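A short write-up of the structure that comes next.
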Amino acid sequence: MDLLPILTVPDPRLRARAKPVTAADTDRVRDLAPQMLATMYKAPGIGLAAPQVGVLLRVAVIDLHPDDKPDPIILVNPEIVAESSERAVREEGCLSLPGHYADVERPARVKVRFQDLTGAKREIEADALLATCLQHEIDHLDGVLFIDYLSALKRNMILRKMNKEARLRGNPA
Ligand code: K2U
Ligand code: ZN
């Protein structure tokens with residue numbers, strides 16, 4: 001299985017809004033999803049959104065138990081259709097911001113509607129880590145990163161470090 005390069009900030013594709021998947025994208029998404037899962041497991045991570053591998057389509061993959069019995073969720077055109085008023089704080093990281101972690105407050109529970117790879121409409125009600133991960137991945141489809149929920153001071157500190165690393169790699173923003 002080919003692994004895909006994971007984009008890192010400040011790549012502008014991480015800030016773009018991904019396009020809804022249509023029937024015309026079916027074959028491409030059927031090939032992409034397993035490659036995204038393989039890339040996520042190798043990273044390692046528990047979630048990955050298509051814009052993170054440079055594909056601006058509304059697709060994300062999640063597996064909260066990558067090590068023991070893999071139980072992947074492939075989400076096509078996911079949308080949050082309900083969220084609790086109760087909120088929860090959880091430390092987040094991001095494969096596109098390697099080495100940076102911070103506490104992020106989000107709704108504690110969400111209901112997400114999506115299509116699976118067959119096109120069947122599915123719905124998940126999630127709490128705890130799955131709720132965080134679903135919100136984190138769906139944010140990626142709208143060009144939103146977890147640092148956007150931090151103070152400007154913290155966000156800019158992280159962005160300065162990421163921009164410096166990009167310059168040293170020879171690919172400035
Ligand atoms: O989208 C990504 O960058 C993948 C994240 C998803 C994630 C972020 C925050 C909280 C839960 C999931 C990566 O999996 S970051 C690595 C990681 C692994 C386990 C728990 C938290 C973060
Ligand atoms: Zn992320």
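Residue numbers run from 1 in the order of the sequence given. All ligand and atom numbering here is 1-based and tracks the order in the structure. Computed from a predicted structure; not experimentally measured. Worth knowing before you read on, the calculation uses all heavy atoms, side chains too, and leaves out hydrogens, waters and symmetry mates.
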Taking only non-hydrogen atoms of Leu129, do any sit less than 4.0 angstrom from ligand 1?
yes
The atoms of ligand 1 lying under 4.0 Å from a heavy atom of Gly93, numbered in the order shown, are 8 (C), 9 (C), 15 (S)
If you measure from each heavy atom of Arg90 to ligand 1, is any distance below 4.0 Å?
no
Linked hydrophobic residues, Val81 as query - side chain contacts closer than 4.5 Å
none
Any idea which atoms of ligand 1 are less than 4.0 Å away from a heavy-atom of Cys133?
12 (C)
Counting heavy atoms under 4.0 Å, the part of Gln52 that contacts ligand 1 is side chain
Run the numbers for me: atoms of ligand 1, each under 4.0 Å from some heavy atom of Gly45, listed by number.
14 (O)
Charged N-O contact under 4.0 Å between Arg15 and Asp148:
yes
Is the contact between Glu92 and ligand 1 made by the side chain, the backbone, both, or neither, using heavy atoms and a 4.0 Å cut-off?
both
Atom of Thr39, atom of Leu4 and distance for their closest heavy-atom approach
OG1-N, 2.9 Å
What heavy-atom pair brings Met162 and Pro98 nearest, and what distance separates the two atoms?
CE-CD, 3.9 Å
How far is atom 3 (O) of ligand 1 from the closest protein heavy atom, and which atom is that?
Leu95 N, 2.8 Å
Which protein non-hydrogen atom lies closest to atom 10 (C) of ligand 1, naming both residue and atom, and how far is it?
Thr132 CG2, 3.8 Å
Inside 2.8 Å of the Zn ion (ligand 2) but strictly below it, how many protein N/O/S atoms are present?
3
Working note: Leu32 + Val55, criterion side chain to side chain contact (heavy atoms under 4.5 Å, CB included); need CA distance, chi angles, decisive distance, verdict.
CA-CA 9 Å; Leu32 174 68; Val55 177; 3.8 Å; yes
Out of Val61, Leu130, Asp63, Ile46, who gets a non-hydrogen atom closest to atom 17 (C) of ligand 1?
Ile46
Ala49 touching ligand 1 at heavy-atom level, < 4.0 angstrom:
no
Ignoring angles and geometry beyond distance, decide whether Glu137 reaches within less than 3.5 Å of ligand 1 through its nitrogen or oxygen atoms.
yes
Of all protein heavy atoms, the one nearest atom 4 (C) of ligand 1 is Gly47 O, 2.9 Å
Between Arg109 and Glu86, does any side-chain N to carboxylate O distance fall below 4.0 Å?
yes
